[in-house]
Amino acid sequence: MKFQLDQPQGGNTISRHDGRSVWVNGTEHRSSLLVPWQGTVEDWRLTRFEDLTEEHFQRIRDLKPELVIFGSGSRIRFARPQLHRALIDARIGMETMDLGAACRTYNVLASEGRAVLAALLIET
């Protein structure tokens, strides 16, 4: 018996990651990116965790997800709450995970049709 859909409801699917790259819908991405449940995958213009700013999270807010999965790189690191205040004020939930866990969790939520966005940090 098969338990998963042939075509995920979300639209965008992460098929692979290796710490230096993430493959979304069969396309390799070698820099940080935003993967919404539907629509265009975007460059996130972020190369180091230490460079996170409020503007990075404001862009996410503008995409209007219900939940953000923040892949903080090869290890789990939490952004200061004042950086993601725009999400808090908009009542958008955020979970922080390492890159691999974020990719897997995003796929599960997107396949359920949730309005999820993966914000994936790929450090160069």
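The basis for the numbers below is simple: all heavy atoms, side chains too, and nothing from hydrogens, waters or symmetry mates.
Counting only distance, with no hydrogens or angles, the side chain of Asn25 and the backbone of Thr13 share a donor-acceptor pair below 3.5 Å. When atom types are taken as modelled, the side chain of Ser111 and the backbone of Val108 share a donor-acceptor pair closer than 3.5 angstrom. Remark: the backbone N or O of Gly71 is not paired with any side-chain donor or acceptor of Tyr106 at under 3.5 angstrom. Using modelled atom types, no side-chain atom of Ser15 and backbone atom of Val24 make a donor-acceptor pair closer than 3.5 Å. Using modelled atom types, one side-chain atom of Asn12 and one backbone atom of Pro36 make a donor-acceptor pair closer than 3.5 Å. Judged purely by atom type and a 3.5 angstrom limit, Arg59 has no side-chain atom pairing as donor or acceptor with the backbone of Glu55.
Note: the hydrophobic cluster containing Leu46 also contains Met94 (ILVMFWY, side chain heavy atoms under 4.5 Å, direct or indirect links). Cluster annotation: Leu99 is connected to Val116 through the hydrophobic network of ILVMFWY side chains, with a link wherever side-chain heavy atoms come within less than 4.5 Å. Connection of Val35 to Met97 is established within a shared hydrophobic cluster, with ILVMFWY side chains joined at heavy-atom distances below 4.5 Å, either directly or through further cluster members. Phe57 and Leu34 end up in the same hydrophobic cluster when Ile, Leu, Val, Met, Phe, Trp and Tyr side chains are linked at under 4.5 Å. Cluster membership for Ile122 and Val41, using ILVMFWY side-chain heavy atoms within less than 4.5 angstrom, is shared.
Of all heavy-atom pairs between Ser31 and Asp43, the closest is OG-OD1, 3.4 Å. The shortest heavy-atom contact between Ala90 and Arg61 is CB-CG, 3.9 Å. Summarising the geometry of Glu123 relative to Ser74, their closest heavy-atom pair is OE1-N, 4.5 Å, with the distance given to 0.1 Å. Of all the heavy atoms in Pro65 and Ile92, the pair that sits closest is O-CG1, 3.4 Å. Residues Ala79 and Leu83 approach most closely at CB-CD1, 4.5 Å, considering heavy atoms.
Counted within 6.0 Å of CZ on Arg20, heavy atoms from surrounding residues, nucleotides or ligands total 12 or fewer; the atom is thus considered open. Atom CZ of Arg45 is surrounded by 12 or fewer heavy atoms from other residues, nucleotides or ligands within 6.0 Å. Heavy-atom neighbours of Glu66 CD from other residues, nucleotides or ligands within 6.0 Å: above the threshold of 12.
The structure places CG of Leu120 at 5.0 Å from CD1 of Ile14, a figure rounded to the nearest 0.5 Å. Going from atom CG of Leu117 over to atom CD of Gln38 covers 12.0 Å, rounded to the nearest 0.5 Å. For the atom pair CZ of Arg114 and CG of Leu67, the computed distance is 6.0 Å after rounding to the nearest 0.5 Å. In this structure, CG on Leu87 lies 11.0 Å from CD on Glu54, to the nearest 0.5 angstrom. Taking CG from Asp89 and CD from Gln58, the interatomic distance works out to 10.0 Å, rounded to the nearest 0.5 Å. Atoms OG and CD, from Ser32 and Glu42 in turn, are 13.0 Å apart once rounded to the nearest 0.5 Å.
In this structure, Trp23 has its ring center no closer than 6.0 Å to that of His29.
Counting heavy atoms from C-beta on, the side chains of Ile69 and Glu95 come closer than 4.5 Å.
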Practice problem: Could you walk me through whether His17 and Arg104 pass the side chain to side chain contact (heavy atoms under 4.5 Å, CB included) test, one step at a time? | Solution: CA-CA 10 Å; His17 63 85; Arg104 292 185 297 273; 4.0 Å; yes

Side chain to side chain contact (heavy atoms under 4.5 Å, CB included), that's the test. Do Arg77 and Leu121 meet it? Break it down for me. CA-CA 11 Å; Arg77 295 171 283 182; Leu121 171 61; 3.8 Å; yes

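The aromatic rings of Phe70 and Phe49 lie parallel to each other, with less than 30° between the two planes, well short of the 60° mark.
The pair Glu28-Arg16 does not meet the salt-bridge criterion, since no charged nitrogen lies less than 4.0 angstrom from a carboxylate oxygen.
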